[in-house]
Novice: 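Here you go, one structure.
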2 protein chains.
Amino acid sequence: MRDPVVPDAPVANVIPVVGDDGGQDAIGPSLDVRVVLFTIADGRLQVVLHDEAGHASLPLGTPAPAEALDGAARRIVRGAAGLRERYLEQLYTLSVGEPPAWTVIVGYLGLVGAGEPRALRPGGEWHDAARLPQLSEADRMVVEYALLRLRAKLGYTTIAFHLLPETFTFSELQGAYEAVLGQPLDKRNFRRRVIAAGILAPTNAKRREGSHRPAMLYRFRARHDRETYLTPPWSEGA
Amino acid sequence: MRDPVVPDAPVANVIPVVGDDGGQDAIGPSLDVRVVLFTIADGRLQVVLHDEAGHASLPLGTPAPAEALDGAARRIVRGAAGLRERYLEQLYTLSVGEPPAWTVIVGYLGLVGAGEPRALRPGGEWHDAARLPQLSEADRMVVEYALLRLRAKLGYTTIAFHLLPETFTFSELQGAYEAVLGQPLDKRNFRRRVIAAGILAPTNAKRREGSHRPAMLYRFRARHDRETYLTPPWSEGA
DNA sequence: GCAAAAGTGTTGTGTATACACCCATGG
DNA sequence: CCATGGGTGTATACACAACACTTTTGC
């Protein structure tokens with residue numbers, strides 16, 4: 001039978017299923033929340049890292065007792081990075097290390113709009129997503145997955161708008177897509193699809209910024225289709 | 001500025017970002033892994049619940065120190081339910097309750113093929129996914145999200161095969177889709193699409209099981225496109 | 001021969017792709 | 001007047017939905 005055979009659990013000592021005790025007897029893991037915070041600058045996708053003592057790491061923090069995980073992630077963005085995110089989504093949870101360094105890591109994806117202030121607290125720095133310094137195994141995994149999800153969601157959600165300022169030109173929007181996907185897109189087809197989606201509201205303003213025709217400015221028409229995001233209904237999303 | 005404004009964190013006391021200490025000083029949450037285990041029986045989508053003392057709950061367990069979360073989920077399926085899953089995927093992590101009952105729950109989605117033995121340990125029972133008994137808030141959320149993900153993934157992955165026996169007829173496959181989606185599908189369009197996807201290998205066998213024309217048996221052609229699943233590259237999937 | 005499920009095509013409609021030129025402006 | 005990015009349309013291929021009848025078998 002050729003069939004997805006699943007290997008046995010690595011540690012596999014049988015721990016009985018607990019009903020609903022506190023579970024405080026065994027030594028628990030430490031828990032931390034890490035955020036992969038993206039923005040677009042100079043037409044390139046960037047990520048916040050904390051460089052300390054020569055090695056870089058994702059901004060992270062420990063949830064306060066009973067603090068919602070989304071709340072902890074928000075707090076990390078605000079506190080550690082000094083930023084205000086526009087979108088936040090839980091990615092994946094993994095368990096790394098051996099006791100007593102056993103840690104459960106909850107990874108988050110965050111987006112910062114190009115309109116917001118993006119100055120970072122000391123120690124934090126924006127890095128090109130394409131050329132990241134060496135990271136821990138765990139951080140690498142989280143970043144890699146964040147990128148995978150972000151790229152995939154460009155296709156079927158309006159997530160890209162959270163990377164832009166409040167009003168923006170078509171070229172900026174297209175540039176955001178290209179920066180995330182890492183490949184150029186056809187201008188006419190791009191416009192057609194975005195317009196067909198009906199998610200842009202034109203403003204009357206134009207942006208004049210060079211010796212060429214001024215560009216029309218648009219605004220994201222909120223229609224925040226939670227539906228298509230495949231995000232759990234209870235999560236607070238953006 | 002009409003714009004995804006994010007409310008402040010609920011608990012919002014500033015906890016400094018920790019570098020990489022063990023974090024063992026604050027009281028930690030208890031951690032459990034819960035699995036929403038689906039199968040198809042009698043043409044209906046079913047879920048394992050543990051009925052104890054009158055109220056039902058998802059099968060759950062506590063990860064052993066340093067045990068991978070996927071491993072813990074597998075162990076729960078094997079141990080608590082007495083089953084062997086064909087597919088397993090992490091869903092979401094949530095933090096519920098107040099100290100000292102503070103619990104971090106990692107939710108999993110599991111699939112059991114209709115070919116496998118599906119007898120459950122005492123206390124476990126298969127319930128129609130459409131008519132579940134009352135569950136805790138947390139369990140309800142996890143089940144609801146599992147269904148959402150499963151339905152969505154039917155559309156762009158081959159996940160449905162993990163709900164079927166090793167060989168199956170077209171009608172069984174279509175029935176699985178219909179059971180999960182909760183709506184009928186057109187036979188001809190369904191066949192065309194599945195064949196076009198090139199994921200079925202015909203066997204020579206036929207199934208004869210009534211006073212009507214025997215059906216051709218197919219086998220899933222493994223091509224396990226991890227790609228399309230949008231599952232993290234490090235997860236062990238099925 | 002009849003009941004019951006298996007199997008099979010065509011047509012229309014919409015959606016995605018490929019592709020090249022004129023427009024408005026500043027200097 | 002020229003360099004620069006802004007803005008526009010068409011033709012073709014492909015994907016998806018709607019829809020009904022013939023085939024093979026057991027009884």
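Every chain is numbered from 1, with letters handed out A, B, ... down the list of sequences. This structure is a prediction, so every number in the text was calculated from the model and none was measured.
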Novice: Spell out, as yes or no, whether a donor-acceptor pair under 3.5 Å connects the side chain of B/Lys206 to the backbone of B/Leu217.
Specialist: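 Such a contact is absent between B/Lys206 side chain and B/Leu217 backbone.
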Novice: Picking from D/dG7, D/dA20, D/dA3, which would you name as closest to the side chain of B/Arg188?
Specialist: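 In terms of side-chain proximity for B/Arg188, the closest of D/dG7, D/dA20, D/dA3 is D/dA20.
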Novice: Please report, rounded to the nearest Å, how far the P atom of D/dA18 is from the CZ atom of B/Arg191.
Specialist: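 Checked: the CZ to P distance equals 19 Å.
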Novice: Among D/dT4, C/dA5, C/dG9, find the nucleotide with the atom closest to the side chain of B/Asn189.
Specialist: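 When the side chain of B/Asn189 is considered, C/dG9 is the closest of D/dT4, C/dA5, C/dG9.
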Novice: Please report the C-alpha distance between A/Phe190 and A/Phe170 in whole Å, then the side-chain angles of each, then the deciding distance to 0.1 Å, and finally whether the side-chain contact (heavy atoms from CB on, under 4.5 Å) criterion is met.
Specialist: CA-CA 9 Å; A/Phe190 181 79; A/Phe170 248 110; 4.2 Å; yes
Novice: Quickly work out the A/Lys187 NZ to C/dA16 P distance and round it to whole Å.
Specialist: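 So the NZ-P distance, A/Lys187 to C/dA16, works out to 21 Å.
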Novice: B/Thr39 and side-chain hydrogen bond (donor to acceptor under 3.5 Å, both in side chains): which partner among B/Arg118, B/His162, B/Gln46?
Specialist: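 The residue from B/Arg118, B/His162, B/Gln46 that satisfies side-chain hydrogen bond (donor to acceptor under 3.5 Å, both in side chains) with B/Thr39 turns out to be B/Arg118.
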Novice: If you draw a 6.0 Å radius around CZ in B/Arg207, do more than 12 non-hydrogen atoms from other residues or ligands fall strictly inside?
Specialist: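 Yes - once you tally the heavy atoms of other residues, nucleotides and ligands closer than 6.0 Å, there are more than 12.
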Novice: Nearest whole angstrom, please: distance from the P of C/dA6 to the CZ of B/Phe168.
Specialist: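 So the CZ-P distance, B/Phe168 to C/dA6, works out to 14 Å.
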Novice: Using the closest heavy atom to pick a nucleotide of DNA chain C for each, name whichever of A/Arg208 or A/Arg193 lands nearer the 5' end.
Specialist: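 With A/Arg208 and A/Arg193 compared, the 5'-side residue is A/Arg193.
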Novice: As an exercise, state the distance from OH of B/Tyr177 to CD of B/Glu172, rounded to the nearest 0.5 Å.
Specialist: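 Going from the OH atom of B/Tyr177 to the CD atom of B/Glu172 covers 14.5 Å.
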Novice: Separation of B/Met216 atom CE from C/dT8 atom C1', in whole Å?
Specialist: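 Atom CE in B/Met216 sits about 15 Å away from atom C1' in C/dT8.
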Novice: Rounded to whole angstroms, how far apart are CZ on A/Arg213 and P on C/dC22?
Specialist: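 Value for this atom pair: 14 Å.
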Novice: Of the nucleotides D/dT8, C/dA24, D/dT24, which has the atom closest to the A/Pro214 side chain?
Specialist: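 Nearest nucleotide to the side chain: C/dA24.
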Novice: Take atom CZ of A/Phe190 and atom C1' of D/dG9, then tell me their distance rounded to the nearest Å.
Specialist: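 Those two atoms, CZ and C1', are 18 Å apart.
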Novice: How many Å lie between NE2 on B/His212 and C1' on C/dA4, as a whole number?
Specialist: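 The distance from NE2 of B/His212 to C1' of C/dA4 comes to 6 Å, rounded to the nearest Å.
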Novice: Using a cut-off of 4.0 Å on non-hydrogen atoms, how would the nucleic acid contact of B/Ser171 be classed: base, sugar-phosphate, or nothing?
Specialist: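 Contact class for B/Ser171: sugar-phosphate only.
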Novice: To the nearest angstrom, how far is B/Gln183 atom CD from D/dA18 atom P?
Specialist: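 Between P of D/dA18 and CD of B/Gln183: 10 Å.
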Novice: Between B/Ser211 and C/dA4, is there a contact of a side-chain N or O with OP1 or OP2 at under 4.0 Å?
Specialist: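 Result: no.
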Novice: Among the candidates C/dT8, C/dT25, C/dT10, find the nucleotide nearest to the side-chain atoms of B/Arg192.
Specialist: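 When the side chain of B/Arg192 is considered, C/dT10 is the closest of C/dT8, C/dT25, C/dT10.
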Novice: Nearest of C/dT8, C/dC19, D/dG6 to any side-chain atom of A/Asp186?
Specialist: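 Closest nucleotide to the A/Asp186 side chain: C/dC19.
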